[in-house]
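Quick notes on the structure that follows.
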Amino acid sequence: MMISIAMDGPAGAGKSSLAKAAAKELGYIYVDTGALYRTLGYKALQNGLTIEAGETVDKMLAETSVDIRFVDGEQHVFLDGVDVNDKIRTPEVSMAASKISAIPAVRAFLLEKQREMARHHDVLMDGRDIGTVVLPNATVKIFITASPEERATRRYKELLEKGQQVEYKDVYDDMVKRDYEDSHRAIAPLKPAEDSVLFDTTGNTLEMSIPLLVNLIHERLAE
Ligand code: DC
């Protein structure tokens with residue numbers, strides 16, 4: 001049996017940095033599922049599609065291949081054979097990803113790809129519905145959160161470091177909007193799985209959170 005750690009939570013809770021670091025310590029593969037939704041959002045934007053359920057998105061999915069590959073131990077997503085890793089982290093793509101992720105056909109399209117990863121590897125998988133839908137039998141489920149202000153501040157700094165021109169208020173407003181949409185959609189909304197452990201990173205730096213999280217996972221694995 002493979003080990004799977006499901007890590008869900010809202011944008012900016014520190015999920016991906018924490019998940020990446022914890023996976024490394026544990027020797028598991030880190031799977032960033034948000035990148036898959038971002039890739040489809042990116043393609044829809046590139047093709048000028050209005051992102052809503054219906055024939056245009058169905059048609060796009062029928063003509064789309066999304067593959068996860070590992071380059072130097074790091075996940076890269078290939079869209080129709082092309083590595084799009086450095087294209088999918090802009091605020092526009094974030095919003096498009098959130099929108100497209102509410103479409104049932106999109107979630108169905110990505111579900112098996114995610115499960116496939118967990119069938120063949122010990123994984124630490126992060127997303128919104130990993131503990132509730134993708135891996136309901138995950139060995140350990142963690143719900144990561146932090147206050148909206150702190151999450152927006154972190155995302156703001158991250159974008160500035162990448163050289164993107166953004167205003168804090170826009171980042172905060174986008175985040176609150178995305179949280180609302182992610183947790184109120186009809187299908188696979190963001191919510192803690194009943195058997196998940198809550199991990200709040202408010203007030204903690206990444207360096208402080210990593211050992212706390214790794215300890216928590218070890219404790220749960222030993223149960
Ligand atoms: O984790 P992220 O910010 O890269 O995710 C981008 C968007 O994708 C997020 O707003 C919601 C969606 N998403 C999802 O619906 N389910 C997942 N498992 C991961 C992401």
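Residue numbers count from 1 along this sequence. In listed order, ligands and their atoms are each counted from 1.
In this structure, Glu112 and Arg119 have side chains that are in contact, with non-hydrogen atoms separated by less than 4.5 Å.
The atoms of ligand 1 that sit less than 4.0 Å from any heavy atom of Gly127 are 17 (C), 18 (N), 19 (C). Atoms of ligand 1 lying under 4.0 Å from at least one heavy atom of Ser101, given by number and element, are 11 (C), 12 (C), 15 (O). Ligand 1 places these atoms under 4.0 Å from at least one heavy atom of Tyr37: 8 (O), 13 (N), 14 (C), 16 (N), 17 (C), 18 (N), 19 (C), 20 (C). Proximity to Ser98 (heavy-atom distance under 4.0 Å) selects the following atoms of ligand 1: 10 (O).
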Throw together a table of side-chain donor-acceptor distances under 3.5 angstrom for residues 155-167, partners on residues two or more places apart or in other chains.
{"residue": "Arg155", "atom": "NE", "partner": "Glu158", "partner atom": "OE1", "Å": "3.4"}

Side chains of residues 50-69: which donor-acceptor partners sit under 3.5 Å, not counting sequence neighbours?
{"residue": "Thr64", "atom": "OG1", "partner": "Lys43", "partner atom": "NZ", "Å": "3.0"}
{"residue": "Thr64", "atom": "OG1", "partner": "Met60", "partner atom": "O", "Å": "2.4"}

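The aromatic rings of Phe78 and His76 sit tilted, their planes meeting at an angle between 30° and 60°.
In terms of protein heavy-atom proximity, atom 16 (N) of ligand 1 is nearest to Arg107 NH2, 3.0 Å. Ranking protein heavy atoms by distance to atom 19 (C) of ligand 1, first place goes to Thr33 OG1, 3.4 Å. Ranking protein heavy atoms by distance to atom 10 (O) of ligand 1, first place goes to Arg178 NH1, 2.7 Å. Given atom 4 (O) of ligand 1, the protein heavy atom at minimum distance is Arg38 NE, 2.6 Å.
Distances between N or O atoms of Asp182 and those of ligand 1 include at least one value under 3.5 Å. Any N or O atom pair closer than 3.5 Å counts here, and Arg128 shares at least one such pair with ligand 1.
Annotation for Phe70: atom CZ counts as buried by contact number, over 12 foreign heavy atoms lying within 6.0 Å.
Salt-bridge annotation for Glu74 and Lys24: absent, with no side-chain N of the basic residue lying under 4.0 Å from a carboxylate O of the acidic one. Under 4.0 Å is where a charged nitrogen must lie from a carboxylate oxygen, and between Glu116 and Lys113 no such pair does.
Of the possible donor and acceptor atoms, one in the side chain of Asp8 sits under 3.5 Å from a partner among the backbone N and O of Asp129.
Ligand 1 lies within reach of Arg185, whose nearest heavy atom is under 4.0 Å from it.
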